[in-house]
Amino acid sequence: MMFIKSIAPVLAAGVIAVAMVFIIKKQHKTDEKAATCMAEGVALGLCFGAAIGSSMPAFLPYFISLGSLLGLLIGMRIKK
């Protein structure tokens, strides 16, 4: 169980990082410099991560960081 607790945040961050690379790569292929909602996504993800993490105080830093990463990923997909 301790192994799963230690490796889960790394795996989740890795999956999110790979998804971000694919999104950025797709945007560079189209030479599109559209404005996105990345800042709003990070802010909302941070709030949701803190809210969910407060129910499990031992994992609060993990939920805050993963929430902001997911918010960044979602915000990159939303065009203004």
Side-chain angles (χ1 to χ4, degrees):
M1 186 68 171
M2 185 59 116
F3 178 72
I4 294 173
K5 283 184 181 180
S6 63
I7 200 73
V10 176
L11 286 175
V15 169
I16 292 170
V18 168
M20 284 178 22
V21 167
F22 283 130
I23 291 170
I24 291 170
K25 196 176 193 182
K26 182 180 174 186
Q27 286 178 349
H28 282 294
K29 278 185 181 177
T30 60
D31 290 331
E32 185 178 305
K33 292 289 184 181
T36 60
C37 297
M38 286 193 302
E40 292 88 351
V42 170
L44 287 174
L46 184 71
C47 292
F48 286 132
I52 293 170
S54 65
S55 65
M56 294 179 268
F59 299 107
L60 182 62
Y62 299 126
F63 280 110
I64 288 174
S65 61
L66 291 177
S68 61
L69 281 173
L70 282 172
L72 177 69
L73 183 67
I74 293 169
M76 287 174 69
R77 300 296 296 167
I78 300 172
K79 297 189 188 325
K80 282 188 179 179

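The structure displayed is predicted, hence computed values, not measured ones.
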How long is the gap from [atom1] on [X] to [atom2] on [Y], to the nearest 0.5 Å?
X: Lys79; Y: Cys37; atom1: NZ; atom2: SG; value: 10.0 Å
X: Met76; Y: Leu72; atom1: CE; atom2: CG; value: 6.0 Å
X: Ile78; Y: Leu73; atom1: CD1; atom2: CG; value: 10.0 Å

Could you go through residues 40-47 and list every donor-acceptor pair under 3.5 Å that involves a side-chain atom there, pairing it with any protein atom two or more places apart or in another chain?
none

Handout entry: Side-chain hydrophobic cluster, 4.5 Å single linkage: members besides Phe59
Key = Ile52, Met56, Tyr62, Phe63

Exercise for the section: For Leu11, check side-chain contact (heavy atoms from CB on, under 4.5 Å) against everything at least two apart and list the hits. Expected result: Ile7

Practice task
List for me each residue that meets side-chain contact (heavy atoms from CB on, under 4.5 Å) alongside Leu60, sequence neighbours excluded, and say none if there are none.
Solution key: Ile64

Completion exercise
Scanning both residues in full, the closest heavy-atom pair of Pro61 with Ala58 reads CD-O, 4.4 Å

Using atom types as modelled, flag every donor-acceptor pair under 3.5 Å from a side chain in residues 15-22 to any protein atom, sequence neighbours excluded.
none

